[in-house]
Protein chains: 2
Amino acid sequence: MSLTDTSQHANCSAMSDVLNRIGDKWSVMVVGMLGRNGTLRFNELKRMINGVSQRMLTLTLRNLERDGLVNRVIYPEVPPRVEYSLTELGKTLQQPISALWDWSAENHTAIIDARTIYDARENAIAAQETRKIAYARG
Amino acid sequence: MSLTDTSQHANCSAMSDVLNRIGDKWSVMVVGMLGRNGTLRFNELKRMINGVSQRMLTLTLRNLERDGLVNRVIYPEVPPRVEYSLTELGKTLQQPISALWDWSAENHTAIIDARTIYDARENAIAAQETRKIAYARG
DNA sequence: CTGAATCCGGTGCGATACTG
DNA sequence: CAGTATCGCACCGGATTCAG
């Protein structure tokens, strides 16, 4: 399979595989944060990423490390200190992530609006159906 | 909140919200497919996207339609025909998605390799621990 | 401070069958 | 062809506790 072959139904398996990791929202967050700030400690990340639990942050970081996207450096001090940063591979991912990030920021409100309109129409249809049923019952 | 403020810990809520939709791997797949092929029918999408179940494709398409990213056109024929395509908003998303797609294709093997190395090292450490325990037991 | 381990409720998602 | 409905379970993810 050519590396540049992204035409047609392309490398679905590759996409699936990669998206299972980087499509996860915490992973995107972590890469985004590390990309902006360079090097961060565990609790710095936890404070920055709103709503992430300790467990999820740990798991996310492990998986990113396993995939070669994040460096994990342990300093044998007391109290312990662990610093995370992007690997070279991770840095290349930061470009696409950043694009996605910016798109989200720009189009967030548009999506909210679309949802509102869609839901309103759905409700209108539902109400109409209810009326039909009431009519059929006489 | 400024729409262009993506600095620091930025719009986490917006990111969470948007990523819950477009960070989903099936959504990425669908947008990617529709972006490349323009207009597709339900079963065309299903055939192209490897591994997606009927249920998931339906839900994904509904959500994308609700978020204003995908058009859904029903032709009152028999047998029924439903065609999906990207909205203008959806087309703007295709850029970032495409970047992610290309990155996946380029770096898929690197990730696989990283995993292999990581797992090998993990196994080595686990084996070492086992030996230590056996030694401690005398 | 940085984790690992355990418990456990909610639900995402696949499989299957049915409808228009 | 293009869905909807239902069931069942695996797994995600939060809360809590313990460890180095």
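Chain identifiers are assigned alphabetically (A, B, ...) following the order of the sequence lines, protein sequences preceding nucleic acid strands; residue numbering begins at 1 within each chain.
- Minimum interatomic distance between B/Thr87 and B/Gly68 (heavy atoms only, all atoms of both residues): OG1-O, 2.6 Å.
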B/S/- along nucleotides 14-20 of chain C (protein heavy atoms under 4.0 Å) is B--B--B
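- Within residues 58-69 of chain B, the residues that have a heavy atom under 4.0 Å from DNA chain D are, in order of number, B/Thr58, B/Arg62.
- Placement of A/Tyr118 and B/Val70 in two distinct hydrophobic clusters is found when ILVMFWY residues are connected by side-chain heavy-atom separations under 4.5 Å, directly or transitively.
- The CZ atom of A/Phe42 sits 10 Å away from the C1' atom of C/dC1 (whole-angstrom rounding).
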In a table with atom names and distances, give each donor-acceptor pair under 3.5 Å that connects a side chain of residues 41-57 of chain B to protein atoms at least two apart or in another chain.
residue, atom, partner, partner atom, Å
B/Glu44, OE1, B/Arg41, N, 2.8
B/Ser53, OG, B/Met56, N, 3.2

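- When all heavy atoms are compared, the tightest approach of A/Gln94 to A/Leu86 is CG-CD1, 4.2 Å.
- Proximity of A/Arg66 to B/Asp119: side-chain heavy atoms (C-beta onward) are separated by under 4.5 Å at one or more points.
- Both A/Leu61 and A/Ile74 are members of a single hydrophobic cluster when ILVMFWY side chains are connected at heavy-atom separations under 4.5 Å.
- One end of the helix from C/dC1-D/dG20 to C/dG20-D/dC1 points its axis 40° away from the other end's axis, with each axis taken from 5 pairs and the angle rounded to 10°.
- A 4.0 Å heavy-atom criterion places the boundary nucleotides of DNA chain D facing chain A at D/dG13 to D/dG20, written 5' to 3'.
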Starting from the C-alpha separation in whole Å, work towards a yes-or-no answer on side chain to side chain contact (heavy atoms under 4.5 Å, CB included) for B/Ile97 and A/Trp103. CA-CA 10 Å; B/Ile97 292 278; A/Trp103 188 93; over 6 Å; no
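- Separating the CG atom of B/Asp24 from the C1' atom of C/dT11 is a distance of 15 Å, rounded to the nearest angstrom.
- The closest donor-acceptor contact from the side chain of B/Thr92 to the backbone of B/Leu89 lies under 3.5 Å.
- Residue A/Tyr75 is out of contact with every strand shown, counting any heavy-atom pair closer than 4.0 Å.
- No more than 12 heavy atoms of other residues, nucleotides or ligands lie within 6.0 Å of CD in B/Gln95, so this atom counts as exposed by the packing criterion.
- When the side chains of ILVMFWY residues are joined at heavy-atom separations under 4.5 Å, either directly or via intervening members, B/Leu59 and A/Leu19 end up in a single hydrophobic cluster.
- Between the CG atom of B/Asn107 and the CG atom of B/Asp102 there is a distance of 10.5 Å, given to the nearest 0.5 Å.
- For residues 24-35 of chain A, the set of pairs meeting the side chain to side chain donor-acceptor pair (under 3.5 Å) definition, not counting sequence neighbours, comprises A/Asp24-A/Ser27.
- Here the CZ atom belonging to B/Arg115 is positioned 5.0 Å from the CD1 atom belonging to B/Ile112, to the nearest 0.5 angstrom.
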